[in-house]
Amino acid sequence: MAATELQNSALADALDELADLNELDGAVSYRVLAYRNAARRVREAPVSVAALARAGRASELPGIGATIQEKILALRETGTIPALEKLRQSYPPGLIAIMRLPGIGAKRTRLLFSELGVDSPEALRQAALAQRVRAVKGLGPKFEQAALRALEAGTEAGARRRVTLPTALQTAQEIVRELQAAGPPDARIEIAGSIRRAVDAVKDIDLVAVTVEPEKLAGALAGLERIESAGTPSAAGVRARSHSGLSIDLRVAAPDQFGNLLQHFTGSGAHNAALREAAVRRALHVSEYGIEDERSGRTLRCADERAVYEALGMRFIPPELRESRGELAAAAIEGGSGLPDLIELRDIRGDLHCHTHASDGKASIEEMAAGAITCGYGYLAITDHSASHGFGNDVSPDELRRQIERVRECDAELEEIELLAGSEVNVLPDGSLDYEDELLEQLDWVVASIHTSFSMGREEMTRRMVRAVEHPLVDAIGHPTGRKVEQREPYALDLDAVFDAAARAGTFLEINANPDRRDLPDPAARAAAAAGVKLVIDSDAHRVSTLANMRWGVASARRAWLTSHDVANTLEWPRLKALRKRAR
DNA sequence: GCCGTTTTCGGCCCGACTGTTTTCAGTCG
């Protein structure tokens, strides 16, 4: 593969820009939708879509047809797409920034541009302050004020940034508790939306509820101390915004429609759109209120979600799978391939990656062991950082030898759990490790991770990683892509080549469960399992409390369609030990 | 622009809210 192969993220950005510019250009909405859908597919694809296109196979991906494949090829071969260049001539780049402001879409952006020459957020601010916006037919003073507020919010640093799943979940649970205290006593409130699907990063909180006093519940949300502003509370619910910039949607349903509402509000948008399209082919129309049968004119109301999917000829689809990644076809009762029996937290038998005082952890071996026992584990690998980690946390070879002794001593005293002597060894830029093999041989479990030199080229980074994967004493690769949720892109890496090497060598790849990492990301974890790679889910805990991070890794595994058979640390240690490549 | 157990052409999910209107368009999820 070419060293400078076009990255999926850059390709997806180009497709998103095509969507934006086509929208500005007034193209039929389905074309815009097609570009956005294609961009999403490319962004999620675990393999290089540009490389696929070169082989004429990108159009095998759902949502990518002959036309978009041609554009991908043009971009990878000439660095640009003719249609994109042409649209860029007509619409200044500032228009896209205006279009992204809440409450302003393509139509109004174009109106502002054609009527007032407004071509940037700053130009919009000037026009609004001079009250020229309200003079445009179709706009008014309310819109002018809303535009100013949107501009203001947009300049606040990180105003619209997403938060990681645990943060969002905790906030959502607090709100539910506050609503249960302040709202009507009969209210049953559940968390829906992207939190329920256990995504990596959350932009808003969706709540659904049943109560006999819906207005009172909606009013209670609008009145919470944490709410900065809210729409008009009604019997249907309310939309509000917290002081921290999170948007919160509450919707209320009748009890016999609760399943319809929960399904609708859990999403994803793409899942719902695909579900409804499939329903239309059966002459059924799905909404949050029920399923209308076109022929009888009757509407089926569902008290629970299972009934919604059953009415459409499908098995219940776990929320984590609702991303329009093939789950509808798999769930079909007639002719579907079946949904996976997803892994659960209780399937996990041990944790293979954690830190102690020996490096940058905040607890002793004994404390971490006690924590792991509380988790119900049968084993725990102590894997402190290695000889060149830096930040004052280096573990010299001699220090590691002493640490191994301490782990052995501690293990001898513990009945309930097996402590494994391990290390999280640095993969140096050339792919070698920073301990000698003689030392690694004494360890029960070796995790190899990249912690330095992130900005290498794709080919060099792939060679580095494959060399580590093929090392006979490396059991697992830690946080394989190096990405951090909402903070850092993955390093340039040919994941396909890494998966091939890992499957051949028998090296485990980690799903790091730290909620800021969740690495492998779920689409990549799914592709790895499909390539025959065995995975492990590790907490990477640096203190006792973060051993519980395992749940976020399991959530990623579920989103990756994994069963307990795909994840090696669902096995007891004797069986897992025998699976290590050095035991073969 | 994509796609096919109604279709290779003509469809393509559904509804709430807001602000601007006086019956609706735009935006959002």
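Residue numbers begin at 1 in each chain, while the letters A, B, ... track the order of the sequences.
- Residues A/Tyr309 and A/Gln263 bring a donor and an acceptor atom of their side chains to less than 3.5 Å of each other.
- If you take CG of A/Asp206 and P of B/dG15, they are 18 Å apart, rounded to a whole angstrom.
- As a whole-Å value, the separation of A/Asn272 CG from B/dA16 C1' is 15 Å.
- Between A/Arg36 and A/Asp20, at least one side-chain N (NZ, or NE/NH1/NH2) sits under 4.0 Å from a carboxylate O, which counts as a salt bridge.
- By the side chain to side chain contact (heavy atoms under 4.5 Å, CB included) test, A/Ser120 is found to be paired with A/Glu122, A/Ala123, residues two or more places apart in sequence or in another chain being considered.
- Rounded to whole Å, atom P of B/dC13 lies 16 Å from atom CD1 of A/Ile291.
- Closest to the side chain of A/Glu277, from the set B/dC12, B/dG29, B/dG15, is B/dC12.
- A gap of 26 Å separates the P atoms of B/dA16 and B/dG11, to the nearest Å.
- Applying the side-chain hydrogen bond (donor to acceptor under 3.5 Å, both in side chains) definition to pairs two or more places apart or across chains, those involving residues 55-68 of chain A are A/Arg57-A/Glu60.
- Rounded to the nearest Å, the gap between the P atom of B/dC3 and that of B/dT8 is 16 Å.
- In terms of the side-chain hydrogen bond (donor to acceptor under 3.5 Å, both in side chains) criterion, A/Glu215 has no residue partners (sequence neighbours excluded).
- Comparing the C1' positions of B/dT20 and B/dC24 gives a spacing of 8 Å, expressed to the nearest Å.
- Remark: P of B/dG29 and CD1 of A/Ile195 are 15 Å apart, rounded to the nearest angstrom.
- When each of A/Asp249 and A/Glu288 is assigned the nucleotide of DNA chain B bearing its nearest heavy atom, the one mapping closer to the 5' terminus is A/Glu288.
- Residues passing the salt bridge (Lys or Arg N to Asp or Glu O under 4.0 Å) test with A/Glu344, sequence neighbours excluded: A/Arg346.
- Nearest-nucleotide positions on DNA chain B place A/Arg251 closer to the 5' end than the other of A/Arg251 and A/Asp204.
- As rounded to whole Å, 11 Å separates atom P of B/dG1 from atom CD1 of A/Ile81.
- Looking at heavy-atom distances under 4.0 Å, A/Gly237 makes no contact with the nucleic acid at all.
- A/Arg276 has its CZ atom 14 Å from the P atom of B/dC12, to the nearest Å.
- Of the possible donor and acceptor atoms, one in the side chain of A/Asn260 sits under 3.5 Å from a partner among the backbone N and O of A/Cys302.
- In this structure A/Glu323 satisfies the side-chain hydrogen bond (donor to acceptor under 3.5 Å, both in side chains) test together with A/Arg197, A/Arg559, sequence neighbours excluded.
- A salt bridge (charged side-chain N to carboxylate O under 4.0 Å, His left out) check over residues 252-270 of chain A, counting only residues at least two apart or in different chains, returns the pairs A/Asp256-A/Arg301.
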Report, one pair per line, the protein and nucleotides 2-9 of chain B atoms (nitrogen or oxygen only) whose separation is under 3.5 Å.
| from | atom 1 | to | atom 2 | distance (Å) |
| --- | --- | --- | --- | --- |
| B/dC2 | OP1 | A/Gly65 | N | 2.5 |
| B/dC2 | OP1 | A/Ile68 | N | 3.4 |
| B/dC2 | OP2 | A/Thr67 | OG1 | 3.2 |
| B/dC3 | OP1 | A/Gly63 | N | 2.8 |

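- Using P as the reference atom, B/dG26 and B/dT22 are 15 Å apart when rounded to the nearest Å.
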- Message: Strictly under 4.0 angstrom, non-hydrogen atoms only: write out the protein contact profile of nucleotides 20-26 of chain B, one letter per nucleotide from the 5' end, B, S or -.
- Response: S-----S
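- Between the C1' atom of B/dG29 and the CG atom of A/Leu250 lies a distance of 15 Å, rounded to the nearest Å.
- A/Phe265 comes within contact range of no nucleotide atom at all, as no heavy-atom separation falls under 4.0 Å.
- Under the side-chain hydrogen bond (donor to acceptor under 3.5 Å, both in side chains) criterion, A/Asp341 pairs with no residue, sequence neighbours left out.
- Between A/Arg282 and A/Glu334 there is no salt bridge, since no side-chain N of the basic residue sits under 4.0 Å from a carboxylate O of the acidic one.
- Look at the P atom in both B/dC2 and B/dC13: the space between them is 16 Å, to the nearest Å.
- When the C1' atom is used for both B/dT23 and B/dT18, the distance is 15 Å, rounded to whole Å.
- A/Ile333 is linked by a side chain to side chain contact (heavy atoms under 4.5 Å, CB included) to A/Arg315, counting only residues two or more places apart in sequence or in another chain.
- Residue A/His285 places at least one side-chain N or O under 4.0 Å from the OP1 or OP2 atom of B/dC14.
- Of the side-chain N and O atoms in A/Ser234, one or more sit less than 4.0 angstrom from OP1 or OP2 of B/dC17.
- Straight-line distance between the C1' atoms of B/dC12 and B/dT7: roughly 12 Å, to the nearest whole Å.
- Heavy-atom distances under 4.0 Å link DNA chain B to A/Tyr30, A/Arg31 of residues 18-33 of chain A, given in residue order.
- Minimum atom distance to the side chain of A/Arg239 is reached by B/dG29, of the listed B/dG29, B/dA16, B/dT18.
- In this entry the distance linking CG of A/Leu261 with P of B/dG15 reads 13 Å, nearest Å.
- The partner of B/dC28 is B/dG15, judged by Watson-Crick or G-U wobble contacts that both fall below 3.5 Å.
- Residues forming a side-chain hydrogen bond (donor to acceptor under 3.5 Å, both in side chains) with A/Glu44 (at least two apart in sequence, or on another chain): A/Arg40, A/Arg325.
- With both ends at atom P, the span from B/dT27 to B/dT21 equals 15 Å, rounded to whole Å.
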